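Worksheet for the structure shown next.
Fair warning: this is a prediction, and the values are worked out from it, not measured in the lab.
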Amino acid sequence: MKRLLPTISVLSALGFALFADDTIPPVPPEPKVPTKLELPAKDFTQTVEEAIKIPDEKDPDLFTLQKSKTNFEMVYVPGGEFSMGSPGDETGRQPNEGPVHKVKVGPFWMAKFETTWELFDLWFRSTGLPRRDEAEGLYEAKNPDKKLGPDAITRPTNPYVDETYEHGREGKPAICMSHHAAMVFCHWLRGKTNRGYRLPTEAEWEFACRAGKTGAFGFEGGKDKLGDYAWFKDNSKNEDKPEGTTQKVGTKKPNAFGLYDMHGNVAEWCLDQYDPKVYEIAAKDPMSHSFIKPTDAKWSHVVRGGSWFDPAEKLRCAARWPSEKDWMREDPQFPRSVWWLTKMDMIGFRVVLPVEEYTALVGLKPSVIKKGQ
Amino acid sequence: MSTSNRRDFIKAGAAAASVGLLPVHAAGIEKIKVGVIGCGGRGSGAIGDSMKADKSVVFWAAGDVFAEKAQATVKAYSQSHKDQVDVGDRVFGGLDAFEKVIASGCDLVILATPPGFRPYHVEAAIKANKHVFCEKPVAVDGPGIRKCLEVAELAKKSQRAIVAGTQRRHQAGYIKTVEQIHAGAIGDIVSARCSWNGREPWFKARKPEMSDVEYQLSNWYHFNWLCGDHINEQHVHNLDVINWVMKGHPVKCVGQGGRIARKAGSVAETGNIFDLFCIEYEYPGSIPMYSYCSHVPNTTQDVSETIYGTKGSSRVNQYMIGKEKIYKGAREEVSPYVQEHIDMIQSIKAGKPLNELQAVAESTMTAIMGRMAVYSGQVVTWEAALNSKELTMPADLQIKGQLATAPIPVPGKYKVS
């Protein structure tokens with residue numbers, strides 16, 4: 001029987017160490033991040049590093065941890081007040097988009113682009129992080145009074161099929177992840193950066209998408225100009241993909257904040273637990289509503305902005321597409337995956353970083369566990 | 001009918017069935033009692049799919065080597081599908097759980113244990129006159145395939161349905177595409193290729209208290225006698241599509257492969273399967289088919305089937321004939337995992353039970369033949385593979401027993417016997 005925990009012998013001051021190849025890498029500690037950031041109110045580039053296991057060529061029982069890193073750009077979005085939702089006469093409008101109500105959002109940074117595979121893979125493919133299926137039994141053997149909680153920083157199990165669904169990887173947005181997977185990604189990112197990255201609230205997302213505009217779309221010219229700003233059903237096809245496909249991020253025009261692909265390409269997860277009635281409540285008490293904190297319930301959350309697969313109406317600033325159990329009908333396992341939405345190749349996300357975190361979101365953790373549907 | 005009335009009706013049906021008054025093969029069936037054998041993710045999913053497929057399905061019994069798994073499955077559905085769950089105390093554990101489920105008075109069994117057990121379970125179920133939904137693949141070696149082919153004939157005689165978990169054959173887009181190829185949309189077939197270049201599967205580490213047998217059953221994917229290697233467990237889906245298009249199986253094959261990136265360590269802990277197979281199959285008429293499957297991390301993924309003809313090609317998994325997508329929508333209206341149960345139950349109700357066992361046994365054999373060619377590094381013919389004597393099932397399996405793991409095959413040294 002092999003040793004259960006890695007033995008470390010530091011080989012150099014660079015932080016490269018030789019570990020015993022155990023099936024369980026250590027579970028990283030819970031992130032602790034400041035609730036208010038003292039950063040200049042301008043765009044910045046975030047660097048993030050993760051350890052990758054490199055097997056030792058001479059001894060198969062040993063490996064070295066090496067660092068892999070990537071950068072992503074964050075755009076400053078000044079806070080403000082805006083009218084959230086859509087008026088009753090907007091084309092394609094759904095009942096859950098109203099009534100229109102006044103909302104105030106604080107300043108935050110938002111990723112300039114949708115999360116790419118390059119960034120997502122730093123977490124998903126990190127051999128330095130434990131995978132739950134490998135770690136659970138041994139972790140619990142060592143910690144008999146503890147369970148590996150839903151907030152443990154692990155990486156997703158591998159999907160049974162190709163998670164890119166032939167849409168490609170390089171420069172393309174990551175797709176098919178569950179809301180929980182996006183939440184754990186953010187949790188991991190908080191630990192890596194010591195900054196409070198998370199999914200945008202629906203209000204933050206819509207404020208950022210509108211970029212000061214009040215119509216159906218967050219740019220001048222309305223639906224006729226949509227093709228300048230967005231990849232969607234009408235322009236995402238090619239000879240190889242007659243039904244359309246994801247496109248490299250940032251290949252259309254940005255909005256007034258400098259954010260790309262807010263409309264189209266992939267529909268983006270928002271933080272909130274979904275409640276179709278919340279706008280009605282919010283409308284009775286303007287400025288009262290900010291978000292609904294996500295719970296341990298797997299359903300439902302909202303994706304925003306529409307995708308390569310959707311017609312123009314679904315790309316509108318106010319359009320909300322709540323997740324539902326049926327999204328997982330192509331997952332043949334029970335309980336179904338907490339990480340992947342089989343064949344939902346139009347779903348992705350981007351991260352935000354609030355200047356000052358809402359009190360109720362301080363210490364935010366993913367809390368969905370694998371059970372039932 | 002109201003919910004409460006329907007529950008009463010089911011209870012009344014249960015009483016009648018227990019004395020053998022309800023023949024299931026006749027039209028006008030009131031209920032179909034389903035037992036599930038193997039309550040991992042797939043078995044637990046399949047019993048749910050079955051209940052979703054037809055309201056006459058009653059979840060009747062559950063078995064798993066690990067009793068707690070069967071209990072968990074029953075518990076989960078007792079909440080979400082309470083109108084269709086009537087398991088009572090018919091929850092079984094142990095290596096003989098399958099016999100107990102079969103003897104529990106059910107009409108149909110779902111077989112979803114690791115594939116190594118499948119030939120023995122399908123045989124027991126058909127001999128006990130049950131309808132069978134059996135997951136793919138249906139064997140891991142030649143003797144297992146021969147058993148399945150015998151059972152397929154028995155089932156034809158006894159009019160029992162056997163539907164296999166090769167769900168692509170129940171998927172509207174696939175059906176339409178294969179129909180068009182068969183109708184000549186790409187001319188005569190000249191060659192084909194298919195692949196499952198994907199990610200490494202789950203790996204469940206041994207818990208300290210586990211015996212060899214318990215550990216191997218729990219981490220079954222990595223042990224050949226249970227899994228048959230990933231070409232069999234996974235790539236069988238693609239091979240099955242090619243056989244479906246070709247209306248038959250290949251006659252021989254040769255190939256190369258190995259174990260490049262699986263976990264390091266002893267075979268007892270990390271298993272003995274490969275992670276790479278590249279095979280050239282030959283179908284009747286000297287038509288070549290190139291097959292690839294890989295679990296090597298961080299390499300290009302590709303799960304697909306392509307057919308080349310004298311008038312063009314078809315990317316079958318994309319539902320494309322040439323440049324035309326002939327089935328719209330990436331996802332079928334009904335999940336193919338539910339559709340296969342709908343098709344099965346309708347065939348039973350219509351008195352024309354589907355029997356897919358021969359087709360899936362041939363697709364499984366196609367995978368096993370490829371594996372034999374790669375393990376040995378030699379050309380392997382259909383006859384040699386089908387008649388091979390190598391039996392991988394341990395003779396006297398005891399749940400708490402020790403069980404040595406066969407070494408990882410070395411091409412050039414491993415012999416097909």
Side-chain angles (χ1 to χ4, degrees), chain A residues 1-2 4 21-24 52 55-56 59-63 121 125 127 131-142 157-166 169 237 239-244 309 326-337 342-346 370-373, chain B residues 39-49 52 72-73 76-77 79-80 165 167 196-210 218 234 261 263-266 269-270 295 297-298 300-304 315 317-320 323-325 328-332 334-338:
Chain A
M1 201 62 199
K2 292 194 298 187
L4 290 179
D21 183 15
D22 296 292
T23 31
I24 175 170
I52 305 291
D56 187 72
D59 183 345
D61 282 341
L62 297 175
F63 65 87
D121 284 346
R125 288 177 162 181
T127 44
R131 224 172 60 193
R132 189 171 289 269
D133 57 314
E134 298 172 347
E136 219 155 39
L138 290 175
Y139 177 83
E140 284 160 21
K142 291 294 282 186
T157 48
N158 281 337
Y160 193 70
V161 293
D162 166 18
E163 68 275 2
T164 71
Y165 290 93
E166 301 185 30
R169 202 168 203 100
K237 301 175 176 67
E239 198 176 63
D240 208 35
K241 293 277 188 183
E243 285 215 306
F309 183 75
D326 189 57
W327 286 15
M328 298 205 72
R329 67 173 183 263
E330 301 268 352
D331 182 340
Q333 302 275 322
F334 182 93
R336 284 170 165 160
S337 177
T342 309
K343 287 196 188 176
M344 290 300 285
D345 54 356
M346 62 295 276
K370 186 171 175 174
K371 61 174 182 188
Q373 301 292 312
Chain B
C39 293
R42 183 71 273 267
S44 303
I47 183 66
D49 294 335
K52 203 170 179 183
T73 302
Y77 286 116
Q79 292 155 11
S80 64
Q167 79 283 349
W196 197 306
N197 296 330
R199 298 196 168 282
E200 68 276 24
W202 46 264
F203 185 96
K204 292 179 184 159
R206 190 198 288 250
K207 294 181 188 179
E209 70 278 12
M210 282 179 163
S218 132
Q234 196 169 50
K263 285 186 192 305
S266 71
E269 300 308 316
T270 63
H295 280 170
N298 305 337
T300 300
Q301 296 183 72
D302 175 13
V303 181
S304 66
R315 286 160 60 200
N317 59 298
Q318 291 281 344
Y319 310 153
M320 285 178 70
K323 303 282 182 207
E324 192 197 348
K325 184 123 183 164
K328 301 293 177 195
R331 293 149 62 91
E332 273 77 3
V334 177
S335 152
Y337 303 101
V338 174

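A donor-acceptor pair is defined here as one N or O able to donate and one able to accept, closer than 3.5 Å; such a pair exists between the side chain of A/N158 and the backbone of B/E200. Between the side chain of B/R42 and the main chain of A/P332, a donor-acceptor pair closer than 3.5 Å is present.
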Show, in sequence, the C-alpha distance, side-chain angles and deciding distance for A/D162 and B/W196, and conclude whether the side-chain contact (heavy atoms from CB on, under 4.5 Å) test is met.
CA-CA 9 Å; A/D162 166 18; B/W196 197 306; over 6 Å; no
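Annotation: maximal heavy-atom pairing with chain A below 4.5 Å, among B/K52, B/Q318, B/K204, B/E209, occurs at B/Q318. Between chain B and the residues A/V161, A/D326, A/D240, the most heavy-atom pairs under 4.5 angstrom are made by A/D240.
Closest non-hydrogen pair, B/N317 versus A/E166, comes out as ND2-OE2, 3.0 Å. Considering all non-hydrogen atoms of both residues, B/K323 and A/P242 come closest at O-CG, 4.3 Å.
Residues that satisfy the side-chain contact (heavy atoms from CB on, under 4.5 Å) test with A/R169, not counting sequence neighbours, are A/W117, A/D121, A/F124, A/R125, A/E163, A/T164, B/R199, B/Q301.
B/Y77 and A/F334 have parallel rings, their planes meeting at less than 30° on a 0 to 90° scale where 60° marks the start of perpendicular.
In the displayed structure, A/K241 atom NZ is contacted under 6.0 Å by more than 12 heavy atoms of other residues, nucleotides or ligands.
Neither the backbone nor the side chain of B/Q167 comes within contact range of chain A; no heavy atoms are under 4.5 Å apart.
Note that OH of B/Y337 is 12.5 Å distant from CZ of A/R329, once rounded to the nearest 0.5 Å.
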